[in-house]
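Single-structure report; data block below.
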Amino acid sequence: MSVQVVAAKMAEVELKDVPSKDLSPVSPNASKKDDKEGTKAETVATVSSAASPSTEPTVRADPSPNATKMPQASAMKRTDQQQNGGEAFVNQDGTVAEAPRMKKDKEKCSDKQQEGPTEEAGPSGGQQIQFADQKQEFSKRPSKIGRRSLSRSISQSSTDSYSSAASYTDSSDDETSPRDKQQKNSKGSADFCIKNIKQAEFGRREIEIAEQEMPALMALRKRAQGEKPLAGAKIVGCTHITAQTAVLMETLSALGAQCRWAACNIYSTQNEVAAALAEGGFSVFAWKGESEDDFWWCIDRCVNLEGWQPNMILDDGGDLTHWIYKKYPNMFKKIKGIVEESVTGVHRLYQLSKAGKLCVPAMNVNDSVTKQKFDNLYCCRESILDGLKRTTDVMFGGKQVVVCGYGEVGKGCCAALKAMGSIVYVTEIDPICALQACMDGFRLVKLSEVIRQVDIVITCTGNKNVVVRDYLDRMKNGCIVCNMGHSNTEIDVASLRTPELTWERVRSQVDHVIWPDGKRIVLLAEGRLLNLSCSTVPTFVLSITATTQALALIELYNAPEGRYKQDVYLLPKKMDEYVASLHLPTFDAHLTELSDEQAKYLGLNKNGPFKPNYYRY
């Protein structure tokens, strides 16, 4: 609103002690005396505006003696025009009058976090094989207040309804834990535990959108639906519960399987998708912002059901497998196989196999070529930028970034950041990966050499204690710290939960950790997986991963006895190639076929596989 319009409107209203002729625009040269007086001016007018920009605002006098007072002059540091087009004015007596804003400012979420419990490696993606005794078992449920306190102490966002894709959570539901709710779907079933069943319609739309970008999974569903290759399969799963996972679950169901599902990450669940699955008859136990106690309780509810015995496991991170191993080892007598898709989970399986404790065959989906290249490399190349932008609004050009680990995930992150103009450093323990980083134009360093100067630190190692408290203490003010690995053990977040440090929640999944001298770092998702906790990942990439998982389940479930022993296996190369071929029509791509003479010369079958298992793509 211009000065002339404000003056004209105010002239029509009788103003006590504030004549309109004495109003003058705030000047950058306003005297310090005016700023220090701090005299509060009464609100003398309210502005209401219609939606149409042509409608003139109406000014009305507020005769109430309890009218809201304007902010003190000392607090009014701004000299620019207000966001809604209005201007601020200073009266001759030092009081401030301001054209009222059209929209109420959002409240700042700056409440100091309660000091959280020390997190040990493992609860949702750690490295140890044997589970340490939980400080708080799910069976010893605290009171409602106690559980809420635990959830709050772990993360202020445990009650946030923010979803990485879209959120339709009613905030009025946030104060009640899903474990305390009695919910039923339209068919009367209550065998699920989610945030709000009323979100099912919106979740269904998310799933329908995902189906458009998952051509291979939909093609597999169409081709194999009549054969029902998973008839009789009882699959218990622990993965990220997103729209893409929902398409996988519904595909498994269409192929004949029964499914029960929990989340492998406390922040990655899309509540509306979980609601749509529950409405569709799936037994889902997950919601965004679970506490550690909730996390294990949900996994147990999936497994421990009277009269229901799983015979297949689909895991992401190994938590489900190890929960069964710890609590219900007898279940492995009827389980035909395990399909694992993460670096962390596969590492655990190989450790079990080496120790002679792996009871059933396991399929290492993570190291299949299609999963390794697409989900780890190409997916992270796109999602790292998305996650950082959504949480921090950072500009990448000229920023100094250190990426810890130059595996497939690290390669994707480095490529994206380099393309955006960032100065990228890499840390590595493997000389081959280190040499690749050098050949790709990145400087190989030790983290201690650059920790004081970098603007962003990203971990991609799958290891533990990569960024320890000493490094966190030495970081520059405003440094952004995040993790792109599955495990939450890479950044020593537990060391930051000390009395001398202040935690300030600034937005969903974004914390400022403030040192006594005022220095602060920006910690994203409390050190958990950035892209699925804070943003989304490309659906097309997840189509490749989900199809690989489905084929691995079909293979293990239908394999004749003796084909697979109690060991860890890679997905057969022929299946890897089949997954890739299902996605080629999306690009209108046409494969060249070998002639008989060419196939004989190369010693290959015309239909593949075309590369030996030792081939490096």
Should [X] and [Y] count as an ion pair when the cut-off is N to O under 4.0 Å?
X	Y	answer
D386	R390	yes
E201	R205	yes
D367	K371	no
R507	D393	yes
R497	E526	yes
E292	R528	yes
E340	R348	no
E428	R443	no

Less than 4.5 Å apart, any side-chain heavy atom of [X] and any of [Y]?
X	Y	result
N465	T489	no
E490	K464	no
P215	P585	no
D455	V401	no
Q453	M475	no
T459	V467	yes
Y578	T547	no
Y617	K611	yes

How close do [X] and [Y] get, heavy atom to heavy atom, and via which atoms?
X	Y	value
R474	S448	NH2-O, 3.1 Å
A210	V247	CB-CG2, 4.0 Å
L320	G237	CD2-C, 3.8 Å
N477	G518	OD1-O, 4.1 Å
C460	V403	SG-CG1, 3.8 Å
A274	A286	CB-O, 4.2 Å

Contacts of type ring-ring contact (aromatic ring centres under 6.0 Å, His included), residue [X], not counting sequence neighbours:
X	result
F442	Y406
Y471	none
Y425	none
Y614	none

Measuring from atom [atom1] of [X] to atom [atom2] of [Y], what distance do you get when rounded to the nearest 0.5 angstrom?
X	Y	atom1	atom2	answer
L530	S535	CG	OG	6.0 Å
I480	T391	CD1	OG1	7.0 Å
F396	M420	CZ	CE	6.0 Å
L501	I514	CG	CD1	9.5 Å
L417	C414	CG	SG	7.0 Å
I458	C404	CD1	SG	9.0 Å

Looking at [Y], is its backbone amide N or carbonyl O close enough to the side chain of [X] to form a donor-acceptor pair, meaning the two atoms are under 3.5 Å apart?
X	Y	answer
N364	V346	no
W287	N196	no
S268	S533	no
S495	D492	yes
K519	D473	yes
Q400	V454	no
D315	T321	yes
N483	G527	yes
N271	K195	no
D294	S291	yes

ask   = How about D588 and H590: does a side-chain donor come under 3.5 Å of a side-chain acceptor?
value =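 Side-chain D/A pair, D588 to H590: present.
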query = For residues 537-552, which residue pairs qualify under salt bridge (charged side-chain N to carboxylate O under 4.0 Å, His left out), counting only residues two or more places apart or in two chains?
reply =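 For residues 537-552: none.
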Pairs flagged by salt bridge (charged side-chain N to carboxylate O under 4.0 Å, His left out) wherever residues 396-409 is involved - sequence neighbours left out =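 Every salt bridge (charged side-chain N to carboxylate O under 4.0 Å, His left out) pair that includes a residue of residues 396-409, provided the two are not neighbours, is K373-E408.
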inquiry  = Applying side-chain hydrogen bond (donor to acceptor under 3.5 Å, both in side chains) to T239 and D316, what does each step give before you reach the verdict?
reply    = CA-CA 5 Å; T239 66; D316 185 351; 6.0 Å; no
task = Could you point out which residue of L542, T242, D375, T545 forms a side chain to side chain contact (heavy atoms under 4.5 Å, CB included) with V537?
result =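 When side chain to side chain contact (heavy atoms under 4.5 Å, CB included) is applied between V537 and each of L542, T242, D375, T545, only L542 qualifies.
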key: ring-ring contact (aromatic ring centres under 6.0 Å, His included) contacts in which one or both residues fall within residues 443-465, not counting sequence neighbours   =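 Residue pairs passing ring-ring contact (aromatic ring centres under 6.0 Å, His included), neighbours aside: none found.
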request  = Give a yes or no on whether L584 atom CG has more than 12 heavy-atom contacts from other residues, nucleotides or ligands under 6.0 Å away.
outcome  =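 Check passes, neighbour count above 12.
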task = With side-chain hydrogen bond (donor to acceptor under 3.5 Å, both in side chains) as the test, would you mind laying out the steps for E206 and Q270 before giving the verdict?
result = CA-CA 10 Å; E206 295 284 343; Q270 293 177 347; 5.5 Å; no
Check side chain to side chain contact (heavy atoms under 4.5 Å, CB included) between [X] and all other residues, then give those that pass, not counting sequence neighbours.
X	answer
I209	none
E449	V445, K446
V343	N366

task = List in chain and number order the residues that pass side chain to side chain donor-acceptor pair (under 3.5 Å) with Q436, two or more places apart in sequence or in another chain; answer none if no residue qualifies.
result =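 Applying side chain to side chain donor-acceptor pair (under 3.5 Å) to Q436 gives K411.
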message = T427: which residues meet the side chain to side chain donor-acceptor pair (under 3.5 Å) condition with it, sequence neighbours left out?
response =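 T427 satisfies side chain to side chain donor-acceptor pair (under 3.5 Å) with no residue once adjacent residues are dropped.
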request  = Tell me whether the centres of the aromatic rings in Y378 and F540 are closer together than 6.0 Å.
outcome  =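 Between F540 and Y378, which both carry aromatic rings, the centre distance is not below 6.0 Å.
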